[in-house]
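Okay, so here's the structure we're looking at.
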Amino acid sequence: MFIIPDMLERKSFEPLLKEKEELLRTYMALILETNSQVRLVGPSEEKVLWENHILDCAYTLPLLPSEGKVADLGSGAGLPGMIWAICRPDLEVVLCESIRKKATFLERVRSLLDLSSCRVAAERSEDLARRERESFALVGARAVSHLGVVGEYAAPLVMRGGTFLAMKGEKGEEEAREIGSGWKELGFSELRRYSYLLHENTCHYVITLRKEECTPEKYPRRSGMAEKRRWW
């Protein structure tokens, strides 16, 4: 197991962002409208929301597969999954969110923006995995728990040859090294770390793992076990 560093650049997705800007800003307005009733994100200003959340998630667009089904675990406000659904309508995007009020918000956005290739799974990832095991080309998450914990949630969903993607802070690489070669337990192998400058002198990170082998049948475990008894 090793980490391959790489850079993500804004120019790689900027034309797509410009093409979908109207839809993205409508989505952002819906977040701001709902945020006072259901806490979706921290920022309440349009500029901050655009720069710190919409643009941040857009950096994952070059890492999406060319086709197939992708999932966003713990989707919350739809970050990054709703960005994927808006910018890549050719993909089937599943937004997995177990908190009912947030799932209701995601369904409202999906309906208002007429995102026919997007669906909301109002359930835990363990339940989704039992129905749609190893059928996703990519499974991602943003700011969800320890890298190893979210990796366990994702593993039984990712198909062989697919990718697990995690948007992490600086601790992401430390968490990856903590697990080391143990990722083989879940079927993952090659690990890559991507960095990008969201703001001047502010580096953000995306970590990906490739799924080479099937995940053992014991995963997913019972709901909540990933946090209580870590596998590594």
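The analysis underlying the following values was restricted to heavy atoms, covering all of them including side chains, and did not include hydrogens, waters or symmetry mates.
Both Leu113 and Leu49 belong to a single network of hydrophobic side chains, linked directly or stepwise wherever heavy atoms of I, L, V, M, F, W or Y lie under 4.5 Å apart. Criterion: ILVMFWY side-chain heavy atoms under 4.5 Å apart, direct or through other members. Under it, Leu23 and Leu61 are part of a common hydrophobic cluster. By the criterion of side-chain heavy atoms lying less than 4.5 angstrom apart, applied directly or through intervening Ile, Leu, Val, Met, Phe, Trp or Tyr residues, Leu91 is grouped together with Met82 in one hydrophobic cluster. The hydrophobic clustering, which links ILVMFWY residues whose side-chain heavy atoms are closer than 4.5 Å, places Ile83 and Leu198 together. Both Leu112 and Leu40 sit in one connected hydrophobic cluster of ILVMFWY residues. Membership requires side-chain heavy atoms under 4.5 Å apart, directly or through other members.
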Verdict with supporting geometry, Lys101 and Gln37, side chain to side chain contact (heavy atoms under 4.5 Å, CB included): CA-CA 10 Å; Lys101 288 183 178 180; Gln37 291 87 39; over 6 Å; no
Show, in sequence, the C-alpha distance, side-chain angles and deciding distance for Phe164 and Phe188, and conclude whether the ring pair (Phe, Tyr, Trp, His ring centres under 6.0 Å) test is met. CA-CA 9 Å; Phe164 161 50; Phe188 292 124; 5.8 Å; yes
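Neither side chain, Ser75 nor Lys102, offers a donor N or O lying under 3.5 Å from an acceptor on the other. When only modelled atom types and interatomic distance are considered, Trp231 and Glu185 share no side-chain donor-acceptor pair under 3.5 Å. Between the side chains of Glu178 and His146, at least one donor N or O sits under 3.5 Å from an acceptor N or O. Side chains of Tyr27 and Glu22: no donor on one and acceptor on the other come within 3.5 Å.
Residues meeting the ring-ring contact (aromatic ring centres under 6.0 Å, His included) test with Tyr59, sequence neighbours left out: Phe13, Tyr196. Checked against side chain to side chain donor-acceptor pair (under 3.5 Å), Thr60 has the following partners two or more places apart in sequence or in another chain: Trp84.
Across Asp72 and Gly78, no two heavy atoms sit closer than the pair OD2-C, 4.1 Å.
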Under 3.5 Å, sequence neighbours excluded: what are the donor-acceptor pairs made by side chains of residues 147-157?
unit_1, atom_1, unit_2, atom_2, d
Glu152, OE1, Arg221, NH2, 2.9
Glu152, OE2, Arg221, NE, 2.9
Glu152, OE2, Arg221, NH2, 3.3

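Residue Arg193 holds its CZ atom at 8.5 Å from CZ of Arg177, rounded to the nearest 0.5 Å. Residue Arg124 holds its CZ atom at 4.5 Å from OG of Ser223, rounded to the nearest 0.5 Å. Interatomic distance, Lys20 NZ to Thr26 OG1, rounded to the nearest 0.5 Å: 12.5 Å. Taken from CG in Leu17 to CD1 in Ile54, the straight-line distance is 9.0 Å, to the nearest 0.5 Å. Taking CD of Glu174 as the start and NZ of Lys171 as the end, the distance is 6.5 Å to the nearest 0.5 Å. Remark: Leu73 CG to Cys96 SG distance equals 5.5 Å, nearest 0.5 Å.
Using a cut-off of 4.0 Å between Lys/Arg side-chain N and Asp/Glu carboxylate O, Glu212 and Arg210 are scored as salt-bridged. Here Glu14 does not pair with Lys18 in a salt bridge; the nearest charged N to carboxylate O distance is not below 4.0 Å. Salt-bridge annotation for Arg88 and Glu67: absent, with no side-chain N of the basic residue lying under 4.0 Å from a carboxylate O of the acidic one. One finds no salt bridge joining Glu173 and Lys168 here, because no Lys/Arg side-chain nitrogen approaches an Asp/Glu carboxylate oxygen to under 4.0 Å. In this structure, Glu126 does not pair ionically with Lys218, as no charged nitrogen and carboxylate oxygen lie closer than 4.0 Å.
For the side-chain contact (heavy atoms from CB on, under 4.5 Å) criterion with Glu51, the lone passing option out of Glu46, Glu45, His199 is His199.
In this structure, Val206 and Leu165 have side chains that are in contact, with non-hydrogen atoms separated by less than 4.5 Å. Looking only at side-chain heavy atoms (C-beta outward), Glu134 and Cys214 come within less than 4.5 Å of each other.
Atom CZ of Arg131 has more than 12 neighbouring heavy atoms from other residues, nucleotides or ligands inside a 6.0 Å radius.
Within the cation-pi definition used here (under 6.0 Å to the ring centroid, within 45° of the axis), Lys69 qualifies as a partner of Phe136.
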